[in-house]
Amino acid sequence: IAHYATAARGVHYDLAPVQRIDMLNVSSYAPSGVEGKDLIAFVKKVIDSQTLGTFCFHGVGGEYLTVSKEAHEELLHWLDAHRGEVWVTTFQAATDYVRGRQ
């Protein structure tokens, strides 16, 4: 995959230190059937770990690996209220930033 992409999401959940993140197997949290407080708890763990955290949502309110619309909105409201603590960006921007720190 290294020939085709600069980074890729993995299918594991590991909040590794920035220096140990494998850019071609980046940890991703794929929540399903959880509440907003659980999504927020994940973000807080990322903040405490001072590392990169990614969500993998396949469906909000339906489809596969779903979270409810309410849980997703609770997360979005929390993120909005904590803009000074959390950088919400694209996967590429985040992995480019991390790569520059490794």
What residues form a salt bridge (Lys or Arg N to Asp or Glu O under 4.0 Å) with Arg9, not counting sequence neighbours?
none
For Asp80, the salt bridge (Lys or Arg N to Asp or Glu O under 4.0 Å) test, sequence neighbours excluded, returns Arg83
Show which side-chain atoms of residues 20-27 pair as donor or acceptor with protein atoms under 3.5 Å away, not counting sequence neighbours.
from, atom 1, to, atom 2, distance (Å)
Asp22, OD1, Leu24, N, 3.0
Asn25, OD1, His12, NE2, 3.4
Ser27, OG, His12, O, 3.4
Ser27, OG, Asp14, N, 2.8
Ser27, OG, Asp14, O, 3.0

Which value, rounded to the nearest 0.5 Å, describes the distance between [X] atom [atom1] and [Y] atom [atom2]?
| X | Y | atom1 | atom2 | value |
| --- | --- | --- | --- | --- |
| Lys45 | Ile40 | NZ | CD1 | 13.5 Å |
| Lys37 | Lys44 | NZ | NZ | 11.5 Å |
| Lys69 | Glu74 | NZ | CD | 13.5 Å |

Establish whether [X] and [Y] are linked, either directly or via other cluster members, by ILVMFWY side-chain heavy-atom contacts under 4.5 Å.
| X | Y | result |
| --- | --- | --- |
| Val86 | Leu15 | yes |
| Val88 | Leu52 | no |
| Phe57 | Trp78 | yes |
| Phe91 | Val46 | no |

For Leu79 and Val43, what are the C-alpha separation, side-chain angles and deciding distance, and is it a side chain to side chain contact (heavy atoms under 4.5 Å, CB included)?
CA-CA 9 Å; Leu79 290 170; Val43 176; 4.1 Å; yes
Assess whether atom CD of Glu73 is packed by more than 12 heavy atoms of other residues, nucleotides or ligands within 6.0 Å.
yes
Would you say Gln50 has more than 12 foreign heavy atoms packed within less than 6.0 Å of its CD?
no
Could you tell me which non-hydrogen atom of Gly36 sits nearest to which non-hydrogen atom of Ala71, and how far apart they are?
N-CB, 3.4 Å
Closest heavy-atom pair and its distance - Ala7, Thr95
CB-OG1, 3.5 Å
Would you confirm whether Thr51, through its side chain, and Ala16, through its main-chain N or O, come within 3.5 Å as a donor-acceptor pair?
yes
Any donor and acceptor pair, going by atom type alone, linking the side chain of Gln102 with main-chain N or O of Val18 inside 3.5 Å?
yes
Aromatic plane relationship, Trp87 with Tyr97 - under 30° parallel, 30 to 60° tilted, over 60° perpendicular
perpendicular
Hey, what's the ring geometry for Tyr13 with Phe42, parallel, tilted or perpendicular (30° and 60° as the breaks)?
tilted
From Leu75, Thr66, Leu39, residue fulfilling side-chain contact (heavy atoms from CB on, under 4.5 Å) relative to Pro31
Leu39
For the residue pair Phe55 and Val67, establish whether any side-chain heavy-atom pair is separated by less than 4.5 Å.
no
